[in-house]
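Here the structure is laid out as structure tokens; the discussion comes afterwards.
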Amino acid sequence: MFGCCVAGRLLQTNLQQVDETHALFELPAASTINHVCVFLLGTIPFPDGYGAAVHFHWPGKGSNYWECRLIVLSNDKPSAIFRLRGTFSSTSTYGAFNASMPAQPTLDVTAILGLSIEPIASIESQMAALPSTVAKPGTSLANNPTLFAEKIVKNLFNYLSGFSGGGAMSPEVAVPMGLIVKWYENFMAKVRNGGVAFLERDE
């Protein structure tokens, strides 16, 4: 019913069925993933009024840690693309732009992309509650200008890294100004449409 494609890799159809309403894909070498697309194969449609919420399990976040992107896949919207690259601390972000800083070894990890088939109304109600669910006490962007600035820079870095072709970002990588203009336009459109809450979810 579902397919998954990590940018730069072969199409995955190795869906693991958990039960009647839950399934998952394993995403090996997760630290190297920039973008992933999940989609309906078109062989089995959803029942009327149903869709799928997309979840990600990140290794090292605890056995019960699931991040729910709550993007609805449905018969009307049969595919979605996600940017997964972005779990950079300020140190690793600095290292990505500073060739003199030695690279830290990264252990290969396998992430899990989970799919939960639910009534669309139920998913939409979860989406409405998401900002308060993911809010972290004491880390409001409005109250922490340094964190706010770092989130904006990470957002730009993640956007540009999607055009690196899977290669490492370094100070020698030339970035066309047109990409920065496009990022700025997209960024401002998101801010105008929904505020800056997306930066708090953009790990």
Side-chain angles (χ1 to χ4, degrees), residues 5-7 30-31 33-39 51-58 61 65-74 76-98 111 113-114 116 118 120-166 169-171 173-203:
C5 185
V6 173
S31 62
I33 296 175
N34 283 327
H35 295 81
V36 60
C37 177
V38 61
F39 52 89
V54 180
H55 304 252
F56 295 96
H57 177 256
W58 300 105
K61 295 283 190 177
Y65 181 88
W66 285 85
E67 178 183 345
C68 185
R69 294 295 172 102
L70 289 173
I71 300 299
V72 183
L73 289 184
S74 66
D76 296 327
K77 184 186 176 185
S79 64
I81 299 175
F82 304 95
R83 178 182 291 115
L84 298 188
R85 185 106 179 239
T87 53
F88 303 105
S89 66
S90 56
T91 300
S92 59
T93 303
Y94 174 77
F97 289 102
N98 188 341
L113 184 150
S116 174
E118 305 173 31
I120 291 176
S122 173
I123 300 173
E124 288 176 344
S125 67
Q126 294 175 59
M127 290 173 68
L130 185 60
S132 59
T133 301
V134 300
K136 299 178 182 178
T139 61
S140 169
L141 296 183
N143 297 328
N144 191 332
T146 302
L147 179 62
F148 189 31
E150 183 179 16
K151 290 285 188 178
I152 293 172
V153 173
K154 283 184 181 180
N155 186 275
L156 173 60
F157 176 77
N158 293 339
Y159 179 84
L160 295 176
S161 68
F163 296 91
S164 67
M169 294 289 284
S170 72
V173 175
V175 178
M177 288 301 295
L179 287 181
I180 297 177
V181 170
K182 185 65 175 175
W183 166 81
Y184 176 76
E185 292 171 349
N186 292 340
F187 183 87
M188 292 307 296
K190 286 183 179 181
V191 172
R192 283 192 295 268
N193 292 332
V196 297
F198 71 94
L199 289 173
E200 296 182 326
R201 298 192 297 269
D202 189 15
E203 291 297 333

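For S74, the side-chain contact (heavy atoms from CB on, under 4.5 Å) partners are V72, D76, K77, I120, not counting sequence neighbours. Considering only residues two or more places apart in sequence or on other chains, I81 meets the side-chain contact (heavy atoms from CB on, under 4.5 Å) condition with H35, C37.
Using a 4.5 Å heavy-atom cutoff, the side chains of N34 and S161 are in contact.
Counting only distance, with no hydrogens or angles, the side chain of N155 and the backbone of K151 share no donor-acceptor pair below 3.5 Å.
In terms of heavy atoms, S79 sits closest to F39 at CB-CB, 3.6 Å. Nearest heavy atom pair, residue Y159 against residue L179, reads CE2-O, 3.4 Å.
Atom CD1 in I123 sits 8.5 Å away from atom CG in L73 (nearest 0.5 Å). With values rounded to the nearest 0.5 angstrom, N158 atom CG is found 8.5 Å from K154 atom NZ.
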Side chain to side chain contact (heavy atoms under 4.5 Å, CB included) between F187 and I152: does it pass, once the steps are laid out? CA-CA 9 Å; F187 183 87; I152 293 172; 3.9 Å; yes
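Surrounding CE of M188 are more than 12 heavy atoms belonging to other residues, nucleotides or ligands, all under 6.0 Å away.
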